[in-house]
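Quick notes on the structure that follows.
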Amino acid sequence: MRSVWKRTMVLLAGVTSACFSAVCVAQVTGVSLPPAQLTIDTGTIVTPVSPMLYGMMTEEINHSYDGGLYAELLQNRTFRASWEGVEHWDLVRHGNSQAAMEVDKNSGPSKALPYSLKLTVTAATQGEQAGVVNNGYWGVALKPHATYRGSFYVKPDDAAVGPVQARLISDRTGAVVAEATVPLRGTEWSRYTYALTTEDVPVSMQNHLELTVAHPGTLRLQLASLMQPTFDDRPNGNRADLMERMAGLHPTFLRLPGGNYLEGDTLRDWYNWEETIGPLVDRPGHQAPWGYWSTDGLGLLEFLEWCEDLKIEPVLAVYAGYSLRQEHVNPGKDLEPYVQSALDEVEYVTGDASTKWGAVRARDGHPAPFPLHYIEIGNEDWFDRSGSYDARFAQFARALRAKHPQYKLIATMPVKESSPDEQPDVQDDHYYKSWGEMLDFTHHYDDAPRTGPKIFVGEWATLSGTPTPNFGGALADSAWMTSMERNSDLIIMAAYAPLLINVNGGQWGTNLIGFNGTTTYASPSYYAQALFAGHLGDGTPKTTLSGGGKRFYYSATMGSKDHVLHLKLVNASNWEQPLTIHLDGAKGVRTARVSTLHATTYEATNTIQDPQFIHPVDSTVKVPAETWKHSVPGLTIEVIDIPLDEKER
Ligand code: AHR
């Protein structure tokens, strides 16, 4: 094998150098890397694998929630106005009807929403109605045979201006896709609901919603909502297809609510969880740091219910007094209200209904406490140039440990020597790297001390491909995952970031799952991660590798209960990797299941138009335990399950 390898190296020297000097790395067939010998001692487990290694991190970025996971279809449902007017809303005046709209700053249904959209209709009839239209998030996405739940708050000057006609209309044909009539009562602020059910319509985002009346008069509108069907029919819930995508990653936790979203740009914009709970009309919303307003329709309780629906646990990040534009709260007295807010938040999540905040959660519709083990204090506090994090962390840690000693505390950067109750249990490290850097980074934790805090890689990604990773990204991500599995005695949790992107409205280059209003797609890195997380043992056996190419990576983990060896082989080179595998401690031939991800270039990828270009291919292979001669093609990720208990053949 070695002489064949040497000969082909010489023959193809020109080809390889040309290929490496270009941006593209393409698979070269018929050429091999030096052979590798991999020995796995299946009888010796050297380190444990964390049961929570793979999880998720999300935040309001790329329209992950509003215009994404959160099932609301109308954009700017609270009629916020800018110099451009009331964005996403416009007047609709059929025939010769006449109407005008303006924001009324003095009338609204609640303290949180003290203003409204005032609609003054001066001429309208049954056949010539007037009102307002909303164009949704890049259109109002509709599917056939689905029921959409509408609602709004209205204060009419005279109820005779009604009823309000709600109509879903196709942008392309003008056809009324579904409609409902909503009679009005009284002249006070009141909430009205209606349902719109589609028939055999095409799946399309090219629709809009009209709310009109057939009589002259004045009415004020607020919180006009239209919810699409949700996962498990949860009221105020999430889009089902995105929930299913996330479930496919086999996550064990959700780090929430961010990221930068926790911090806000300025102290005014911090994630004040108290303003994200309770009836929607009591949620003011807030400016999110990624350039748009957050409705907070997906608020703290909805985050927790999202975890519940996916049967995963929250990793709760509490705001720690630092916001992105170098603003911080001084430790000591100034920080106390924020520490109290964190204590209250933990009680809202975990307290039973006899506690103050547990009772509020019960009032909000969820009497049972949520499970919680980890609390993160802040986000990326190494950005705080004032150097205040040591003292801020210590103040939070003392208070949290005094009241809730059972939780593990996560710091967002190394914390200087201090008393034991001010030390973190876990440290959150973040890595965003190019594919070349990521491949070269895979030994970072191999020799890291095991004496300090455990590691949470709370955000990581190979930045390669837009809006979702290309295959080069998936290869480097996979190489990185092999290193996290190998070091999972230290790295107890990890989450790719960002997780979601609406392809019509993104702010970040490389994101794991792409979607628009009607569909979602999985990137090659998504498939790699789903395979890695779905095939993970609870211990790492002793292994040795010799020979092999410089961009060949592997991980071996074993299940102590099912005695399955989960072998991950990642060949990020464009040449084939021949391999001899010895399973020490096992004899005979087993049938292994193989899932393969492969592409012929680094740049190959999936898109919303071509979502399955790269996808896992399943096969089986006979594995002779003593000496298995195997070859991994260039640019290939293999996840192999070898049942060690299978009867010898
Ligand atoms: O994932 C995108 C951003 O990257 C996060 O909000 C932040 O924590 C990090 O800098």
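One-based numbering, in listed order, for ligands and for the atoms of each. Model, not experiment: these values are computed from the prediction.
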Ligand 1-proximal atoms of W460, by part, heavy-atom distance under 4.0 Å: neither
Within the 3.5 Å criterion, strictly below it, is a donor on H404 or E347 matched to an acceptor on the partner's side chain? no
Checking Y407 side chain against R401 main chain: does a donor-acceptor pair fall under 3.5 Å? no
I'd like to check which ligand 1 atoms, numbered from 1 as shown, lie under 4.0 Å from a non-hydrogen atom of W290. 3 (C), 6 (O)
Is the closest N or O pair between N260 and ligand 1 shorter than 3.5 Å? yes
Measure from NZ or CZ of K568 to the centre of the six-membered ring of F532, then state whether that distance is under 6.0 Å and the direction lies within 45° of the axis. yes
Please check if the distance between the ring centroids of F383 and Y322 is under 6.0 Å. no
for atom 1 (O) of ligand 1, nearest protein heavy atom and its distance come out as Y432 OH, 2.7 Å
Using a 4.0 Å heavy-atom cut-off, say whether W508 meets ligand 1 through its side chain, its backbone, both or neither. side chain
Partner of F441 under ring pair (Phe, Tyr, Trp, His ring centres under 6.0 Å), picked from W435, Y553, W480, is W480
Any idea which of Q507, E380, E459 brings a heavy atom closest to atom 10 (O) of ligand 1? E380
Nearest-contact summary for atom 5 (C) of ligand 1 - protein heavy atom, Å: E59 OE2, 3.2 Å
In this structure, does ligand 1 have an atom that sits under 4.0 Å from one of the heavy atoms of G258? no
Does the cation-pi check pass for R245 over F515, that is, NZ or CZ under 6.0 Å from the six-membered ring centre and within 45° of its axis? no
